[in-house]
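Report on the structure given below.
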Protein chains: 2
Amino acid sequence: MTSDASVPTPATARPSASGELRATALDQFASVGFAGTSLQQIADAAGYSKSSVLYHFASKEALLEEVLTPAIDRLEAILERFLATAETVESRRRFVNDFIDFILEFRLELHTFINQSQSLRGIPVIDRAGVLIVRLSDTLCHGEASTEDRIRFGIALGGAAYTLVAGMTFLGEEIAPVDEIRPALLAVVTELLAPVTVRTTPSRK
Amino acid sequence: MTSDASVPTPATARPSASGELRATALDQFASVGFAGTSLQQIADAAGYSKSSVLYHFASKEALLEEVLTPAIDRLEAILERFLATAETVESRRRFVNDFIDFILEFRLELHTFINQSQSLRGIPVIDRAGVLIVRLSDTLCHGEASTEDRIRFGIALGGAAYTLVAGMTFLGEEIAPVDEIRPALLAVVTELLAPVTVRTTPSRK
DNA sequence: ACGCTAGCTGACCGATCGGTCAGATCCTGT
DNA sequence: ACAGGATCTGACCGATCGGTCAGCTAGCGT
């Protein structure tokens, strides 16, 4: 990906060491937490030495940044796209669809950020994600701070992050396939964020 | 609200050292995580020495157990009460009400458990809570494993835990008072857990 | 006045933390 | 064959981790 321009990169195999380390670190960060994950654990799980991890990434914090950045970029793109067009029932529905795809694709990154942003304040990528979430919330609530609307958004966000990572592992024994989860998740999140069936008009006082 | 009935407890002061330590530890566990919290931090924040913490609690793990146990006991009582009576629309509504009260009263404990149960497996109180959650989920879904119903439950659980602790701190700048949060939370959770029932619309728009 | 105990603390322990550094190994261009 | 950069590693560093222990102090029953 990053380093090898000429080398053919088989999509099936995982030749890149830094990629392997990123993936391993993400698993650990999402399940044990950033503070609870040691560089030694990451190295052992990925089959490298701790020194190798610090060769590829300047520090533990830098590793976190590299791991989370793609997800934040994607979320930012989704928000910008939503803001670029006038809001209609249709555009809001499309936004929710994008959002679901984002959640499903970056569930581990989302879970990591959602559950640890408080304790990781000061790390640039975390702060970036923080203002993004606030913008998202403000956008969906049209600036006016309706407590219930904000709670709807918070529950959809935190609930999805929890359910897809932590909840699935011990609620459903085996994780249901994405094609089964997606429609169910879409239905619930749509209900929370775009209650179109009941009140199609955006709440304006 | 956490009224020690007969003990002469001046509401302003906080006489109990172990109580002070429990409260401080809970704050830290919920915001920085169990692994991310050191005994030193807890001691400093509470104004004691690390040795004092270990005098009152046999170990860091024992401290966690003491901190979480009241919440788990309460949750267990709520479930047993729900199971004790035949299920009706009314009993389910009452259960949701109990559940909301539980979430509001034990938000920090719930958040701590919800977001860290994976990494804390093996600790008795965590495992106890785990089977409780599964029983709750099975009860609400009537055993039949409807993916959407399970997702509804997971989102309500994880979403509430997130919103009331992490979400509120940076979505709404100041935390709204409980009397404002409760009805909103009740509406959203009812919508998620008791979809058959008509939404209790105060419809004040 | 005395001893006893509960509460609390600093000194200390081995283990592990994130991070540095000097090589060892391998791979490629010449 | 050789040079040189990329990759990887073990040894090592100071700091901090959870936990132990002996001792200090204040209050209370006698």
Side-chain angles (χ1 to χ4, degrees), chain A residues 1-10 13-26 28-29 31-68 112 116 119-126, chain B residues 7-8 13-26 28-29 31-68 112 116 119-126:
Chain A
M1 266 284 221
T2 55
S3 59
D4 33 282
S6 60
V7 176
T9 309
R14 187 168 294 172
S16 156
S18 68
E20 235 173 326
L21 289 172
R22 265 195 300 266
T24 305
L26 177 57
Q28 302 275 335
F29 290 160
S31 68
V32 197
F34 179 76
T37 303
S38 70
L39 293 176
Q40 192 69 245
Q41 291 172 27
I42 297 172
D44 290 346
Y48 291 87
S49 74
K50 189 178 68 169
S51 301
S52 265
V53 179
L54 286 162
Y55 167 77
H56 288 285
F57 308 95
S59 67
K60 193 185 174 188
E61 210 178 281
L63 173 55
L64 177 72
E65 296 224 32
E66 281 216 28
V67 159
L68 292 188
T112 300
Q116 304 180 57
S119 56
L120 299 178
R121 250 170 220 158
I123 299 180
V125 71
I126 296 289
Chain B
V7 182
R14 187 170 296 171
S16 159
S18 67
E20 234 175 325
L21 289 172
R22 264 195 302 266
T24 305
L26 178 57
Q28 301 275 337
F29 290 161
S31 67
V32 197
F34 179 76
T37 303
S38 69
L39 294 176
Q40 191 70 246
Q41 291 172 26
I42 297 172
D44 291 347
Y48 291 87
S49 73
K50 191 178 67 169
S51 301
S52 264
V53 180
L54 286 162
Y55 167 77
H56 287 284
F57 307 94
S59 65
K60 192 184 174 189
E61 210 178 282
L63 174 54
L64 178 72
E65 296 222 32
E66 281 216 28
V67 159
L68 292 189
T112 300
Q116 304 180 56
S119 55
L120 300 178
R121 248 170 223 157
I123 299 180
V125 71
I126 296 289

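Just so it is clear: chains get the letters A, B, ... in the order the sequence lines come, proteins before strands, and each one is counted from 1.
The stretch residues 52-66 of chain A comes close to DNA chain D through A:Ser52, A:Tyr55, A:His56, each having a heavy atom under 4.0 Å from the strand.
Nearest heavy-atom pair across A:Ile42 and A:Leu21 is CG2-O, 4.3 Å. Residues A:Gly36 and B:Ala35 approach most closely at CA-CB, 3.5 Å, considering heavy atoms. Contact detail for A:His56 and A:Ser18: the closest heavy-atom pair is ND1-CB, 3.9 Å.
At least one donor-acceptor pair under 3.5 Å links the side chain of B:Gln116 to the backbone N or O of B:Phe29. Between the side chain of B:Lys50 and the backbone N or O of B:Ser38 there is no donor-acceptor pair closer than 3.5 Å.
The side chain of B:Ser51 lies closest to C:dG10, out of D:dG18, C:dC17, C:dG10. Residue A:Tyr48 places its side chain closer to D:dC8 than to any other of C:dC17, D:dC8, D:dG19. Each of D:dC17, C:dC17, C:dT9 was ranked by its minimum atom distance to the side chain of A:Ser38; first place goes to C:dC17. The side chain of A:Gln41 sits closest to C:dC17 out of D:dG19, C:dC17, C:dG18. Here D:dC8 is the nucleotide among C:dC17, D:dC8, C:dC8 with the atom lying nearest to any side-chain atom of A:Ala17.
Whole-Å rounding puts the A:Leu39 CG to D:dC12 C1' distance at 16 Å. Rounded to whole Å, the distance from CD on B:Gln40 to P on C:dC13 is 17 Å.
If you check distances only, the side chain of B:Lys50 never reaches the base of C:dG10 with a donor-acceptor pair under 3.5 Å.
Nucleic acid contact for A:Thr37: sugar-phosphate only, since backbone atoms but no base atoms lie under 4.0 Å from a heavy atom of the residue.
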Would you check, one step at a time, whether the test side chain to side chain contact (heavy atoms under 4.5 Å, CB included) holds for A:Glu65 with A:Phe57? CA-CA 10 Å; A:Glu65 296 224 32; A:Phe57 308 95; over 6 Å; no

